[in-house]
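As structure tokens, the structure follows; a few thoughts come after it.
We use all heavy atoms of the structure for the numbers below, so side chains are in, but hydrogens, waters and symmetry mates are not.
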Amino acid sequence: MTLTQLEIFSLVAELHGFTSAANRLGITQSAVSHAIKSLEQELGVELLRRHQSHIELSDIGQQLLLRARAMLGLASTLRQEAADARGMKRGTLRIGSFGPTSSIKLLPKILQHYRATYPGIEVHIDEGPDRQVLQWLEERRIDVGFVVLPEERFDTFALVEDQMVALIPADHELARRDSLTLSDLCHDPFILTEAGSSELVSRLFSAARLTPDIRYRSSQLLSTLETVSRGDALTLVAELSLPDAEQPRYVTKPLTPPVKRQVGLAVLDQRQSSPATLAFIKLAVNLDYR
């Protein structure tokens, strides 16, 4: 068993295909097939089930994938610790980001300083909903991810705090109030944005024993803003996720009582994190985001 075989197996599972994995690695499809077949023969189990149009992991393949990613993560850490001894001239950092808060407001500033300090580190960024970033962390598909705190499953590092605000069409009767309660948002159609703090929004209503009238679900904040601007729905979003420019077609209102949101970075285990990951975290927590 080699690290190359495990890397190929992990990539085939992630991309759901031999051809995609071969293209990503820059090798032939037959080389990918040979590596998987050799690994299966050595382990004595079927890792992948081949179908005419797709492949899927077997039950034991799903279990071994987590082990494989853990081994690849440790191998990456070893390489980067060696690179650290050489001045961190080479290495890879995989980041998980969610929504405009991290992808637009936080990450660009961090990366600007990080790339200037460590130009040899190759940075990969995956974007998805907040819950998907958590899944990527658990599956070791990323080294570090932006998360909404608290998050007890991981080692976390706080970065910024903002507040949740109601987003109301400009001509809605609620737009005349100074602040709103969660209950005020339950009498009109509601749109839930999956890209950002959807888990936090759901928990807030659940804790208050309230049920918003969710008529729409959006994967992107821009779609949510357009839906509210048209007067089709209300919503609840994090203030930091909103565009800087004022929009005349909708207004934001603070909640009563106020609801704070804290965003930070998370790693699966700080003790096993690579030098490139730890350097990214150290830089991020010391920046001023105002």
Heavy-atom side-chain proximity of [X] to [Y] below 4.5 angstrom:
{"X": "Leu185", "Y": "Pro212", "answer": "no"}
{"X": "Thr252", "Y": "Leu242", "answer": "yes"}
{"X": "Leu72", "Y": "Arg140", "answer": "no"}
{"X": "His124", "Y": "Thr92", "answer": "yes"}
{"X": "Ile142", "Y": "Leu137", "answer": "yes"}
{"X": "Leu47", "Y": "Val45", "answer": "yes"}

Work out which heavy atom in [X] is nearest to a heavy atom in [Y]; give both atom names and the distance.
{"X": "Glu127", "Y": "Ser103", "answer": "OE2-OG, 2.6 Å"}
{"X": "Ser97", "Y": "Ile125", "answer": "CB-CG2, 4.4 Å"}
{"X": "Leu65", "Y": "Ser10", "answer": "CD1-CA, 3.7 Å"}
{"X": "Thr256", "Y": "Ser179", "answer": "OG1-OG, 2.6 Å"}
{"X": "Leu66", "Y": "Glu139", "answer": "CD2-CA, 4.2 Å"}
{"X": "Pro169", "Y": "Val251", "answer": "O-CG2, 4.5 Å"}

Taking [X] for the side chain and [Y] for the main chain, is one N or O donor matched with an acceptor at less than 3.5 Å?
{"X": "Asp143", "Y": "Thr277", "value": "no"}
{"X": "Gln29", "Y": "Phe18", "value": "no"}
{"X": "Thr117", "Y": "His113", "value": "yes"}
{"X": "Asp155", "Y": "Gln270", "value": "yes"}

Q.
Applying side-chain contact (heavy atoms from CB on, under 4.5 Å) to Phe205 and Leu192, what does each step give before you reach the verdict?
A. CA-CA 12 Å; Phe205 282 107; Leu192 183 64; over 6 Å; no

Using the rule that Ile, Leu, Val, Met, Phe, Trp and Tyr join whenever any side-chain heavy atoms are under 4.5 Å apart, tell me whether [X] and [Y] fall into a single cluster.
{"X": "Leu182", "Y": "Val228", "result": "no"}
{"X": "Leu57", "Y": "Trp136", "result": "no"}
{"X": "Val267", "Y": "Val148", "result": "yes"}
{"X": "Ile8", "Y": "Leu3", "result": "yes"}
{"X": "Leu234", "Y": "Tyr250", "result": "no"}

Q: Apply side-chain contact (heavy atoms from CB on, under 4.5 Å) to the pair Glu239 and Arg261, showing each step before the final yes or no.
A: CA-CA 9 Å; Glu239 192 170 40; Arg261 182 191 72 153; over 6 Å; no

Take atom [atom1] of [X] as the centre, draw a 6.0 Å sphere, and report whether it contains more than 12 heavy atoms from other residues, nucleotides or ligands.
{"X": "Gln220", "atom1": "CD", "result": "no"}
{"X": "Arg67", "atom1": "CZ", "result": "no"}
{"X": "Arg153", "atom1": "CZ", "result": "yes"}
{"X": "Lys109", "atom1": "NZ", "result": "yes"}
{"X": "His187", "atom1": "NE2", "result": "yes"}

Q: Determine, step by step, whether Ser30 and Thr28 satisfy the side chain to side chain donor-acceptor pair (under 3.5 Å) criterion, reporting the C-alpha distance in whole Å, the side-chain angles of both residues, the deciding distance to 0.1 Å, and the verdict.
A: CA-CA 5 Å; Ser30 61; Thr28 64; 3.1 Å; yes

Between [atom1] on residue [X] and [atom2] on residue [Y], distance to nearest 0.5 Å:
{"X": "Ser198", "Y": "Leu236", "atom1": "OG", "atom2": "CG", "value": "11.5 Å"}
{"X": "Gln62", "Y": "Leu48", "atom1": "CD", "atom2": "CG", "value": "10.5 Å"}
{"X": "Ile27", "Y": "His34", "atom1": "CD1", "atom2": "NE2", "value": "11.0 Å"}
{"X": "Leu278", "Y": "Leu283", "atom1": "CG", "atom2": "CG", "value": "12.5 Å"}
{"X": "Met71", "Y": "Leu64", "atom1": "CE", "atom2": "CG", "value": "10.5 Å"}
{"X": "Gln112", "Y": "Leu107", "atom1": "CD", "atom2": "CG", "value": "11.5 Å"}

(Q) Could you go through Phe146 and Asp130, starting from their C-alpha distance and side-chain angles, then the distance that decides it, and tell me whether this counts as side-chain contact (heavy atoms from CB on, under 4.5 Å)? (A) CA-CA 8 Å; Phe146 288 89; Asp130 48 350; over 6 Å; no

(Q) If the condition is side chain to side chain donor-acceptor pair (under 3.5 Å), which residues does Arg49 pass it with, not counting sequence neighbours? (A)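 Once residues adjacent in sequence are excluded, Arg49 has no partner under the side chain to side chain donor-acceptor pair (under 3.5 Å) criterion.
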
We want to know whether [X] and [Y] form a side-chain donor-acceptor pair, criterion being a heavy-atom distance below 3.5 angstrom.
{"X": "Glu46", "Y": "Ser58", "value": "no"}
{"X": "Ser183", "Y": "Thr181", "value": "no"}
{"X": "Thr224", "Y": "Thr235", "value": "no"}
{"X": "Ser20", "Y": "Asn23", "value": "no"}

Q | Partner of Arg131 under salt bridge (charged side-chain N to carboxylate O under 4.0 Å, His left out), chosen from Glu199, Glu151, Glu138 | A |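 Output: one option passes, namely Glu199.
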
Between [X] and [Y], does any side-chain N to carboxylate O distance fall below 4.0 Å?
{"X": "Lys105", "Y": "Asp244", "answer": "yes"}
{"X": "Arg177", "Y": "Asp184", "answer": "yes"}
{"X": "Glu14", "Y": "Arg94", "answer": "no"}

Q. What side-chain hydrogen bond (donor to acceptor under 3.5 Å, both in side chains) pairs are there with at least one residue in residues 278-289, not counting sequence neighbours?
A.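 Counting only pairs at least two positions apart or across chains, the side-chain hydrogen bond (donor to acceptor under 3.5 Å, both in side chains) contacts touching residues 278-289 are Asp288-Arg290.
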
Q: Just do the side-chain contact (heavy atoms from CB on, under 4.5 Å) check on Thr19 and Val32 with the steps written out, would you?
A: CA-CA 8 Å; Thr19 302; Val32 171; over 6 Å; no

